[in-house]
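Inspection log for the structure reproduced underneath, given as structure tokens.
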Amino acid sequence: MALSLFKSGARPRCPAWVRSVSNVTGTTHALPIYMNLPVTEGSPTDANPSLRMLIFGKPCAGKGTLTSKLTDKYDIHSISTGDLLRQHILERTDIGKEAEEIVASGGLLPDELMLDLVAQKLDTLRNKNWILDGFPRTQRQGRLLDNYLKHRNLPLSLVVNVDIRDGVILNWIADRWVHIPSGRVYSTSYKPPKVSGYDDVTGEPLTKGPDDTPEIYSRRLDHYYAQTSPLLYYYASRSPHATRLVNLDGDVDLLWPTLDSVVRESFPTVREHTMLARARLPGQMQVRSSF
């Protein structure tokens with residue numbers, strides 16, 4: 001079994017009160033039931049809401065893959081705080097210079113600086129559909145983001161938690177091989193290279209990623225439970241139906257179809273790229289779709 005990869009033979013260590021979003025015990029408040037409603041319930045009150053989405057999940061749970069699938073299929077902007085930060089540092093903006101000094105000194109970026117970073121980008125996407133990756137990471141950051149969006153009358157419309165069992169992710173890590181120069185990732189169980197141990201494109205050897213060890217994953221998982229579980233509890237504890245909450249769990253093969261269905265049915269104004277392309281074809285009538 002994959003769990004035996006841990007030297008202790010046990011699950012990753014973390015405080016019991018943050019073991020999962022559906023079992024937060026360190027508080028006198030029970031988790032609101034609507035966090036665990038079927039995905040067909042609990043939609044936002046706006047009849048035609050724009051997609052303003054956060055996606056959470058354990059390390060290596062597939063958040064990036066799901067985000068890429070959404071942006072490949074739909075007219076949705078993906079906002080990565082890591083990419084934004086690197087861009088600001090490269091362009092020597094005020095935020096970039098301040099962030100570079102803090103990072104160089106070994107400090108942590110203040111929550112307010114991270115909010116400024118995100119807010120500048122979101123201000124350019126006011127009437128667009130977007131997915132925010134990398135922020136918020138703590139409950140305080142979540143409150144800051146909520147306040148910013150509230151003042152602009154642009155509340156979050158969807159919060160997704162990718163809830164994959166620890167053992168499944170450990171199997172993925174054990175099976176994963178990487179071509180470091182290109183970033184191409186292979187899995188011996190579901191996406192093997194054409195020639196075992198070698199990259200399909202260059203023929204160069206594949207290696208294990210530097211973070212693909214049970215020990216490092218255990219530390220990352222501890223951090224996730226300590227930071228993200230309370231943040232999910234915060235979103236679940238707000239007034240019912242203020243934001244659509246979806247917990248993706250169970251069969252990993254159903255994660256994408258389920259998320260795709262949620263977006264398609266709950267956010268009908270989000271258009272597919274194919275529909276946009278047809279609408280732009282010269283000499284043709286605009287294509288309409290009810291989605």
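All values below were derived from every heavy atom in this structure, side-chain atoms included, with hydrogens, water molecules and symmetry-related copies excluded.
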Working to the nearest 0.5 angstrom, can you tell me the gap between [X] [atom1] and [Y] [atom2]?
X: I76; Y: S50; atom1: CD1; atom2: OG; answer: 11.0 Å
X: L206; Y: D199; atom1: CG; atom2: CG; answer: 6.0 Å
X: T243; Y: L54; atom1: OG1; atom2: CG; answer: 8.5 Å
X: L156; Y: L145; atom1: CG; atom2: CG; answer: 5.5 Å
X: L158; Y: M53; atom1: CG; atom2: CE; answer: 5.0 Å
X: K97; Y: I89; atom1: NZ; atom2: CD1; answer: 12.5 Å

Can you name the side-chain hydrogen bond (donor to acceptor under 3.5 Å, both in side chains) partners of S68, sequence neighbours left out? none

Using the side-chain hydrogen bond (donor to acceptor under 3.5 Å, both in side chains) criterion, which residues pair with D260? Sequence neighbours excluded. K73, Y74, R264

Within a strict 4.5 Å, meaning less than it, do heavy atoms of the [X] and [Y] side chains meet?
X: Y186; Y: K194; result: no
X: L122; Y: Y148; result: yes
X: R52; Y: L132; result: no
X: I173; Y: C60; result: yes
X: F135; Y: S80; result: no
X: W172; Y: I164; result: yes
X: T202; Y: P181; result: no
X: F56; Y: V162; result: no

Show, in sequence, the C-alpha distance, side-chain angles and deciding distance for L108 and I102, and conclude whether the side chain to side chain contact (heavy atoms under 4.5 Å, CB included) test is met. CA-CA 7 Å; L108 297 176; I102 294 172; 5.9 Å; no

If the threshold is 4.0 Å, N to carboxylate O, is there a salt bridge linking D72 and K69? no

Salt-bridged, R184 to D200, with N to O below 4.0 Å? no

Side chain to side chain contact (heavy atoms under 4.5 Å, CB included) between V178 and K208, intermediate numbers included: CA-CA 6 Å; V178 181; K208 299 295 289 184; over 6 Å; no

Kindly state each residue pair satisfying side-chain hydrogen bond (donor to acceptor under 3.5 Å, both in side chains) with at least one member in residues 109-119, sequence neighbours excluded. D111-R140, D111-Q141, E112-R140

Can you run down the side-chain hydrogen bond (donor to acceptor under 3.5 Å, both in side chains) pairs that involve residues 124-139, sequence neighbours left out, and say none if there aren't any? Q139-R143

Before giving the answer on side chain to side chain contact (heavy atoms under 4.5 Å, CB included), spell out for E98 and I95 the whole-Å C-alpha distance, their side-chain angles and the decisive distance to 0.1 Å. CA-CA 5 Å; E98 182 178 355; I95 290 179; 5.9 Å; no

Residues which pass salt bridge (Lys or Arg N to Asp or Glu O under 4.0 Å) with [X], listed by chain and number, not counting sequence neighbours:
X: R220; result: none
X: R165; result: none
X: D249; result: none
X: E100; result: R92

Is I180 linked to W177 within one hydrophobic cluster, defined over Ile, Leu, Val, Met, Phe, Trp and Tyr using a side-chain heavy-atom separation of less than 4.5 Å? no

Indicate if V185 and L255 have the same hydrophobic cluster label, given that clusters are the connected sets of ILVMFWY residues with side-chain heavy-atom separations under 4.5 angstrom. no

Minimum heavy-atom separation for [X] to [Y], with atom names?
X: L70; Y: W256; result: CD2-CZ3, 3.6 Å
X: H179; Y: P205; result: CD2-O, 4.2 Å
X: S78; Y: T67; result: OG-CG2, 3.5 Å
X: P59; Y: L221; result: CD-CD1, 4.2 Å
X: I79; Y: K121; result: CG2-CG, 3.9 Å
X: T71; Y: H273; result: O-NE2, 2.8 Å

Judged by modelled atom types alone, do D175 and S187 share a side-chain donor-acceptor pair under 3.5 Å? no

Pair Y234, D146: side-chain N/O donor-acceptor within cut-off below 3.5 Å: yes

Tell me, please, which residues at least two apart from [X] pass side-chain contact (heavy atoms from CB on, under 4.5 Å).
X: P257; result: none
X: T213; result: E215, I216
X: L254; result: D251, T258

Among V262, L66, D163, which residue meets the side-chain contact (heavy atoms from CB on, under 4.5 Å) test with L248? L66

Flag if over 12 foreign heavy atoms under 6.0 Å of CG, N153: no

How is the hydrophobic cluster of V195 composed, in terms of its other members, when Ile, Leu, Val, Met, Phe, Trp and Tyr link through side-chain heavy atoms under 4.5 Å apart, directly or indirectly? Y198

Checking the side chain of K63 only, and the main-chain atoms of I55 only, is there a donor and an acceptor separated by less than 3.5 Å? no

